[in-house]
Amino acid sequence: MKQGVKEIIETAVYEAREAGELTTDESSLPGIVVEQSKKEEFGDFSTNIAMLLTKSERRPPRDIAEKLAERIASSESVTKAEVAGPGFINIFLDRSFWVDLLERILSCKELYGTSSIGKGKKVQVEFVSANPTGPLHIGHGRGAAVGDALSRVLKAAGYDVTKEFYINDAGRQVYNLGESIKMRVDELEGKEVEFSENHYRGDYITDIAKEYCEALKKGGGSVPTAVEFGISAMKKWIEEDLKEFGIEFDNWFSEKSLDDDGLVVDTIEELKKKGLIYEKEGATWFKTEEYGDDKDRVLIKADGERTYFASDIAYHRDKMRRGFDTLVNIWGADHHGYEARVRALFRALGLDDSALKVIFIQLVALLRGGEPVAMGKRSGEFVTLKQVMDEVGADACRFFFLMRKSDAQLDFDLKLAKSQASENPVYYVQYCNARVNSIFSHAVEKGIAMPDDSELAGLADKFGPEEIRLIRHLGRFEEVIERSAREMEPHRVTFYLMELAGLFHPYYNRNRVVTDDTGTTAARLLLLKAVGTVASNGLRLLGVSTPEKM
RNA sequence: GCGCCUGUAGCUCAGUGGAUAGAGCAUCGGCCUCCGAAGCCGAGGGUCGGAGGUUCAAAUCCUCUCAGGCGCACCA
């Protein structure tokens, strides 16, 4: 959208150089910013180019700006170019520029905002990846909301995205799950049982134990072990919760399959050939320290069991072999110490570790009326994602998680989330669409047909400053998505939408859409259509619904 | 001790090296005879944790420092 403006500036620089007003060769210096002005008095777009040229030109920035502004102002779609502040050039555009944009939004519809900056790049986003030993809790919910929204944003930016859930169905934790189920079974049969620290004691274990007994009674050829039964029950449960949260994965990758397929042994063999494996005190070590880790890491313990890291090296090698250009791992912040050793693996295997991007989701501190709520699967008392969804709704829950950047800690006060339900910003944004729809039905009642997009050209003079202000903001949407994708920060979309709503609602209150003036009515209906389009495109990226009525 | 993250309005948080640092909530005062009041208008509220440095320009980059959170396993 701002491409056209950039060209105008480049032309001006070129002409100035031809005329001997500038000596600098580069027409595109690093750091040149062309952006929509923050304030209306600063015009439609601003550039800092004169300030950047001041060094090579050895002249005050305002001097350079004056010369350039003259040339910019002579461009066709520019009505005015002013020098302001320390040397900004503020560019005022003709109204038609914005009406053209509106037309483009309406013709692109649900594709407005998409781009192709990620074209041809395969990205895998791996998130949630919770142990199948208990229900998803609130922390998983935050990772899920961020991972899913990020995936959607990346897709919108043209990337080829695969969402993956790495299911930890091997090792100590799931063994404990199986044992916990068996103990509940024993208990159901009237035996005395004593649970240890490592056992899962939530009510859900008892439920699974009952189902397990049922399955055993039915018999059949192969009796599932408690571990397998427990994993599949938990996986199903997790899948259901995620579905209710609006998330479906493209792929569920089993940790156990890495063992079954021999990939763990295979990876260790590869490292061994590179001389990066050694034995010490009965254990097998991987020389990660040579590749930037704090210390070497154990792959196979003295007792013969492999570590979690052992399967993770096989997993990451496998991911890279699947041909992804970028691997996004979304982890809880308490795993940050783990990043160095995974990066070490990449380097050890001769892979480019810049392909790996780890996003840390900072802690969600769960509070109830200001008091911390103790969480922990083993203690059996925790607040699940499901419970929070039931209380505040999936939409509000997702929006809430996407209202801050992921590397900032988040206080989630249940009492507050509930009490704020009616004034949560999510409703403020959703209300845009509901309101637009409501106005449309009002127009229909009045016998006014929805004008066709093609009428826009003839309606240009019906757009005043208030309308242009809204369109200008609609124009920023593409940039927001691009940046959100590049920085991998989906929360930017959330803030953009809150700003959009913050412009639209006041506009509505000041201006009647359906009036006696046919032209004005048509122009405003089309504007609202575009607002509705952008609002719902944005909410879709967040995975938040857009109800027609609320 | 070492490492990662965070310190911005009373609270929760945005903020591309740019112009007078912004929202929401909370507080106070107004607005429904009129397309939805889940809304709108207005007011108050700031040493951007602190100190140096780089720069025409620093909340933003660098160094140091203070405070909080989290990690530093032959757990996952």
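The structure displayed is predicted, hence computed values, not measured ones. Chain identifiers are assigned alphabetically (A, B, ...) following the order of the sequence lines, protein sequences preceding nucleic acid strands; residue numbering begins at 1 within each chain.
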- prompt: What is the nucleic acid contact for A:Asp296, judged by heavy atoms within less than 4.0 Å: base, sugar-phosphate only, or nothing?
  reply: nothing
field: Check: A:Ser196/A:His199 side-chain N/O donor and acceptor closer than 3.5 Å
entry: yes
message: I want to check one thing: is the phosphate of B:G69, taken as OP1 and OP2, less than 4.0 Å away from some side-chain N or O of A:His336?
response: no
query: Which is true for A:Asn437 with a 4.0 Å heavy-atom rule: it touches a base, it touches only sugar-phosphate, or it touches nothing?
result: nothing
query: Under 4.0 angstrom, heavy atoms only, what part of the nucleic acid is A:Arg404 near: base, sugar-phosphate, or nothing?
result: sugar-phosphate
field: Closest nucleotide among B:A38, B:G36, B:C35 to the A:Tyr427 side chain
entry: B:A38
field: Base of B:A76 and ring of A:His335 stacked, centres under 5.5 Å, planes under 30°
entry: yes
- prompt: To the side chain of A:Asn48, which of B:G39, B:C35, B:G18 is closest?
  reply: B:G18
query: Would you say A:Arg435 reaches B:A37's phosphate, i.e. side-chain N/O to OP1/OP2 under 4.0 Å?
result: yes
- prompt: So which nucleotide from B:A73, B:G36, B:U20 ends up closest to the side chain of A:Lys295?
  reply: B:A73
message: By the 4.0 Å heavy-atom rule, please label A:Asp334 as base, sugar-phosphate, or nothing.
response: sugar-phosphate
- request: Give one of base, sugar-phosphate or nothing for A:Glu445, where a contact means two heavy atoms less than 4.0 Å apart.
  value: nothing
query: Among B:C35, B:A19, B:G39, which nucleotide sits nearest the side chain of A:Tyr428?
result: B:G39
message: Can you tell me if A:Phe195 has over 12 outside heavy atoms packed within less than 6.0 Å of its CZ?
response: yes
message: I want to verify a distance call: between B:C56, B:A76, B:G68, whose nearest atom is closest to the A:Gln173 side chain?
response: B:A76
query: Would you say A:Phe42 stacks on B:A19, if stacking means ring centres under 5.5 Å apart and planes within less than 30 degrees?
result: yes
statement: Partner of B:G7 under the Watson-Crick or G-U wobble criteria, both distances under 3.5 Å, comes out as B:C66
- request: Might you confirm whether atom NZ of A:Lys287 has over 12 heavy atoms from other residues, nucleotides or ligands at distances under 6.0 Å?
  value: yes
message: With a 3.5 Å cut-off and heavy atoms only, can you find an N or O donor on one side and an acceptor on the other between the side chain of A:Thr307 and the base of B:A73?
response: no
message: Regarding A:Lys549, tell me which of base, sugar-phosphate or nothing describes its non-hydrogen contacts under 4.0 Å with the strands shown.
response: base
message: Quick check: on RNA chain B, is the nucleotide nearest A:Arg510 upstream (toward 5') of the one nearest A:Leu410, or the reverse? Name the residue that is more 5'.
response: A:Leu410
task: Kindly say if A:Arg59 contacts the phosphate of B:C56, meaning a side-chain N or O under 4.0 Å from OP1 or OP2.
output: no
message: Tell me whether the side-chain N/O atoms of A:Tyr338 come closer than 4.0 Å to OP1 or OP2 in B:C72.
response: no
- request: With heavy atoms under 4.0 Å as the rule, sort A:Phe88 into base, sugar-phosphate or nothing.
  value: base
query: Choosing from B:G18, B:U20, B:A14, which nucleotide comes nearest the side chain of A:Glu41?
result: B:U20
message: Measuring from the side chain of A:Tyr431 (C-beta onward, heavy atoms only), which nucleotide among B:A37, B:U20, B:C74 has the closest atom?
response: B:A37
query: Is the base of B:A76 touched by the side chain of A:Asn176 through a donor-acceptor pair closer than 3.5 angstrom?
result: no
query: Nearest to the side chain of A:Tyr508, which nucleotide is it out of B:C74, B:G18, B:A37?
result: B:A37
- request: Check the angle between the aromatic planes of A:Trp331 and A:His335 and answer parallel, tilted or perpendicular using the 30° and 60° thresholds.
  value: tilted
- prompt: Can you tell me if the side-chain N/O atoms of A:Lys39 get under 4.0 Å from OP1 or OP2 in B:A19?
  reply: no
- request: Counting heavy atoms from C-beta on, name the nucleotide in B:C74, B:C56, B:G15 closest to the side chain of A:Glu281.
  value: B:C74
field: Out of B:A38, B:C70, B:G15, whichever nucleotide has its closest atom nearest the side chain of A:Leu363
entry: B:C70
- prompt: Within 45° of the axis and under 6.0 Å from the centre of the six-membered ring of A:Phe400, does NZ or CZ of A:Arg404 qualify?
  reply: yes
message: I want to confirm an ordering. Mapping A:Ser46 and A:Gln362 to their closest nucleotides on RNA chain B, which one lands closer to the 5' end?
response: A:Gln362
query: Hey, does A:Ala340 reach any base, or is it just sugar-phosphate, or nothing, if we go heavy atoms under 4.0 Å?
result: nothing
message: Distance to the ring centre below 6.0 angstrom and angle to the axis at most 45 degrees; does that hold for A:Arg435 and A:Tyr508?
response: yes
- prompt: Regarding A:Ser46 and A:Ser37, is there a side-chain donor-to-acceptor distance under 3.5 Å anywhere?
  reply: yes
- prompt: Checking all strands, does A:Pro506 fall into the base, sugar-phosphate, or nothing category for heavy-atom contacts under 4.0 angstrom?
  reply: sugar-phosphate
task: Check whether any side-chain N or O of A:Lys301 sits under 4.0 Å from OP1 or OP2 of B:C75, and answer yes or no.
output: yes
- request: Tell me what A:Arg483 touches on the nucleic acid: a base, only sugar-phosphate, or nothing, going by heavy atoms under 4.0 Å.
  value: base
